[in-house]
Amino acid sequence: KKYISVAGFYFERKIEMADIENARKQINEVDRELARLFEKRMAAVREVAEYKREHDMPVGILGLEPGWQTKTYPCSYAWSSKFTTDPAGFVDRMHALGLHVNLWEHPYVSPESEIYSDILKYSLTSSEIGTRDWEGRGGNYAFGGIVPDLTMEEARELYWSIHKKNQVSIGVDGFKVDETDSWGASASLDLLFPGGLSNNAYHNILGTLTVNLLHEKYREEYNLRSFMYSRGNYAGMQRYATSAYTDFYGFDQFVMSVIAQSYSGTYYTPEIRDTSTKSDISYMRRAQLMFLTPFAMSNEYATEATVLDRSQAVIDCYTKYNQLHYALIPYMYSLFWEQHNTGIGVTRSLLMEFQNDPKVVDIKNQFMLGGSFMVCPVSSTSRIATVDIYLPAGERWMDYNTGYIYEGGQTIEYTCAAATLPLFVRMGSIVPLGHYGNNTADVIDTTLTLDIYPSTQKATFKLYEDDGTTFNYEKGEYAETLISA
């Protein structure tokens, strides 16, 4: 006899051997179909990447969402043969296309993982931690796995060992660390982890500990920079080349998150994912917002479609702002160096940049990209939208789309079509632009163009350059060029 669970209710059923054999046959059939579908999906991924390269639609990172591991909830950190039988060859092929490879995971270790038995003594189990209540769903918090205590060196080395062996050693460039924020109501918040932190305290820094470990190991053992996404960020995450993302998708929520996180210097990535209307207009508006932030993510796993499945108007809009994003890399890269030295982030609220203008205090739908660009995302799904835009006082502002110059200290009514983002440049700015190329490497190697927006005062910009890959800048291997006009 076996106990069968259906929707939380348990009952007894006598299972015959014939049932078992039939179930095994069904599982094998499903596995074969999954393998076929994964192969078909990856062939499509390659076709999309190649098409974008041929049609001047730059792509820098290919992110693999759930499905590449043998176990996902909890994680095994082992490549599934149903996804690829040649992980190293797959990574090499993506690198040949100019793509960095980023893998989805979370830090809850499956009993089927090869590190499970060794890391268990430095962990808490699902049953010890208790239950979670996330988005109204019950169940074990760690999805039936264990939560390693990454404050302990022994656990850190074991966790790194499987990543180094299975992913980093074959060229994987970074990770998307999911689920570290979904620590809901629990009866055992005061339970102590092996390293001494309470359950309640540990969950606040789990995302930070995970990306810190991976980032530092890339540095120590490979002298390589990585890039991480994390859904559970904490103060100081920006030092580990990490951006936050969330599982809410409202357009206004995206904009507010970009603004709010700017106060701590951390980052938030608005993405093209689910939209309330799934309309072409909504897609264009989200693409504009996404590409005018440092980290642009088009989540085609979630939408189950690519931009190429949209109308030509959407493709044209996407391509325009995609190319602008990559052209702005020399500008944004220099701003990251400025943040490294001052703490001031690349994306900034208007209040951070214009602290003497009281009218900017309550503005929730405009932000700065560095000190030069004011981004004014439009949430309207109308083909033609009219929005109020405040131009901070004490400055003159050029409409990036028309070249018209406005005096600051006023609110204007701005009318634009769905394919146009209201974007203003602060007069007195110098903006270094690269050619957009196919990926970030192409931009780094290109000749720069200087866009100069003159004012009555001398304008300056400090251009920063290094090898873009290693930590050798810490040894002084970089260049700063002061540009003035």
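Note that the coordinates shown come from a computational prediction; the quantities given were computed from them, not determined experimentally.
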message: side chain to side chain contact (heavy atoms under 4.5 Å, CB included) for Glu65 and Asp178? Distances and angles first, verdict last.
response: CA-CA 10 Å; Glu65 291 279 358; Asp178 202 4; 5.7 Å; no
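- Residues satisfying the salt bridge (charged side-chain N to carboxylate O under 4.0 Å, His left out) test with Glu154, not counting sequence neighbours, are none.
- Tested against Tyr234, the residues Asn212, Val211, Thr266, Asn204 include a single side chain to side chain contact (heavy atoms under 4.5 Å, CB included) partner, Asn204.
- Below 30°, between 30° and 60°, or above 60°: for Tyr218 and Phe175 the angle between ring planes is between 30° and 60°, a tilted geometry.
- With sequence neighbours excluded, no residue forms a salt bridge (charged side-chain N to carboxylate O under 4.0 Å, His left out) with Asp149.
- Residues satisfying the side-chain contact (heavy atoms from CB on, under 4.5 Å) criterion with Ser161, sequence neighbours excluded, are Ile115.
- With ring centers used as reference points, Tyr159 lies under 6.0 Å from His163.
- Side chain of His325 to backbone of Leu292: no donor-acceptor contact under 3.5 angstrom is found.
- Residues Tyr240 and Ser226 bring no donor and acceptor atom of their side chains to less than 3.5 Å of each other.
- Checked options Tyr77, Trp79, Phe83; the residue passing with Trp68 is Trp79 (criterion: ring-ring contact (aromatic ring centres under 6.0 Å, His included)).
- A donor-acceptor pair under 3.5 Å links the side-chain atoms of Tyr321 to the main chain of Leu421, judged by distance alone.
- Every pair passing salt bridge (charged side-chain N to carboxylate O under 4.0 Å, His left out) that includes a residue from residues 316-343 is listed here, sequence neighbours excluded: Glu338-Arg348.
- With hydrogens and angles disregarded, no donor-acceptor distance shorter than 3.5 Å links the side chain of Arg310 to the backbone of Ile315.
- Applying the salt bridge (charged side-chain N to carboxylate O under 4.0 Å, His left out) test to Lys121 and every residue at least two apart in sequence or in another chain returns nothing.
- Contact annotation: the side chain of Leu214 approaches that of Trp160 to within less than 4.5 Å [non-hydrogen atoms, C-beta and beyond].
- The backbone N or O of Ala260 sits nowhere less than 3.5 Å from a side-chain atom of Ser262 that would complete a donor-acceptor pair.
- At a threshold of 4.5 Å between non-hydrogen side-chain atoms, the residues Asn166 and Pro87 do not count as touching.
- Remark: the backbone N or O of Phe471 is paired with a side-chain donor or acceptor of Asn223 at under 3.5 angstrom.
- Residues that satisfy the side-chain contact (heavy atoms from CB on, under 4.5 Å) test with Ala241, not counting sequence neighbours, are His215.
- The closest donor-acceptor contact from the side chain of Thr72 to the backbone of Cys75 lies at 3.5 Å or more, if one exists at all.
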- request: Decide yes or no on side chain to side chain contact (heavy atoms under 4.5 Å, CB included) for Leu206 and Val147, but give the supporting numbers first.
  value: CA-CA 9 Å; Leu206 177 55; Val147 187; 4.3 Å; yes
- prompt: When you look at Val431 and Thr449, which way does the side chain to side chain contact (heavy atoms under 4.5 Å, CB included) test go after all the steps?
  reply: CA-CA 8 Å; Val431 180; Thr449 298; over 6 Å; no
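- Shown here are the ring pair (Phe, Tyr, Trp, His ring centres under 6.0 Å) partners of Tyr318, two or more places apart in sequence or in another chain: Phe291.
- Put simply, OG on Ser282 and CD1 on Ile272 are 9.0 Å apart, with the number rounded to the nearest 0.5 Å.
- When each of Tyr326, Phe373, Phe336 is paired with Tyr331, the ring-ring contact (aromatic ring centres under 6.0 Å, His included) condition holds for Phe373 and for no other.
- Tyr267 and Phe295 have their aromatic ring centers within a separation under 6.0 angstrom.
- Legend: residues meeting side-chain contact (heavy atoms from CB on, under 4.5 Å) with Ser110, ordered by chain and number and at least two apart, are Lys71, Pro74, Glu112.
- Within the model, atoms CG of Leu448 and CG of Leu433 stand 8.5 Å from one another, a figure rounded to the nearest 0.5 Å.
- Checked for salt-bridge contact, Arg219 and Glu474 meet the test: a charged N lies under 4.0 Å from a carboxylate O.
- Put simply, NE2 on His203 and CD1 on Ile205 are 10.5 Å apart, with the number rounded to the nearest 0.5 Å.
- Side-chain N or O atoms of Ser379 include none that pairs as donor or acceptor with a backbone N or O of Asp252 at under 3.5 Å.
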task: Could you walk me through whether Asp467 and Thr470 pass the side chain to side chain donor-acceptor pair (under 3.5 Å) test, one step at a time?
output: CA-CA 7 Å; Asp467 64 22; Thr470 73; 2.5 Å; yes
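- For Trp337, the ring pair (Phe, Tyr, Trp, His ring centres under 6.0 Å) partners at least two apart in sequence or on another chain are His340, Tyr464, Tyr478.
- The closest donor-acceptor contact from the side chain of Gln69 to the backbone of Ser76 lies under 3.5 Å.
- Looking at Ile61 and Leu99, their side chains never come closer than 4.5 Å, going by heavy atoms from C-beta outward.
- Using a 4.0 Å cut-off between charged side-chain N and carboxylate O, Glu105 and Lys176 make no salt bridge.
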field: Candidate pair Tyr283 and Val307, rule side chain to side chain contact (heavy atoms under 4.5 Å, CB included), full reasoning
entry: CA-CA 9 Å; Tyr283 197 102; Val307 63; 3.5 Å; yes
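- By the 4.5 Å heavy-atom criterion applied to side chains, Lys164 and Tyr222 are counted as neighbours.
- The structure places CD1 of Ile281 at 8.0 Å from CZ of Arg285, a figure rounded to the nearest 0.5 Å.
- Residues Thr180 and Pro107 are in side-chain contact: their nearest non-hydrogen atoms beyond the backbone lie under 4.5 Å apart.
- The shortest distance between side-chain heavy atoms of Ile162 and Ser113 falls below 4.5 Å.
- Between atom CG of residue Asn102 and atom CE of residue Met228 there is a gap of 8.0 Å, rounded to the nearest 0.5 Å.
- Using a 4.0 Å cut-off between a side-chain N of Lys or Arg and a carboxylate O of Asp or Glu, Asp466 and Arg225 qualify as a salt bridge.
- The salt bridge (charged side-chain N to carboxylate O under 4.0 Å, His left out) search around Glu220 returns Lys217, not counting sequence neighbours.
- Separation of atoms CD1 (Ile344) and CG (Leu335) is listed at 10.5 Å; rounding is to 0.5 Å.
- With Glu480 contributing its side chain and Lys462 its backbone, the two residues share no donor-acceptor pair below 3.5 Å.
- Applying the side-chain contact (heavy atoms from CB on, under 4.5 Å) criterion to Ser123, with sequence neighbours excluded, gives Ile119, Ile146, Pro148.
- Between the side chain of Thr242 and the backbone N or O of Gln238, no donor-acceptor pair lies under 3.5 Å.
- Ring pair Tyr73/Tyr108: centre-to-centre distance not below 6.0 Å.
- With sequence neighbours excluded, the residues forming a side-chain hydrogen bond (donor to acceptor under 3.5 Å, both in side chains) with Glu114 are Lys165, listed by chain and number.
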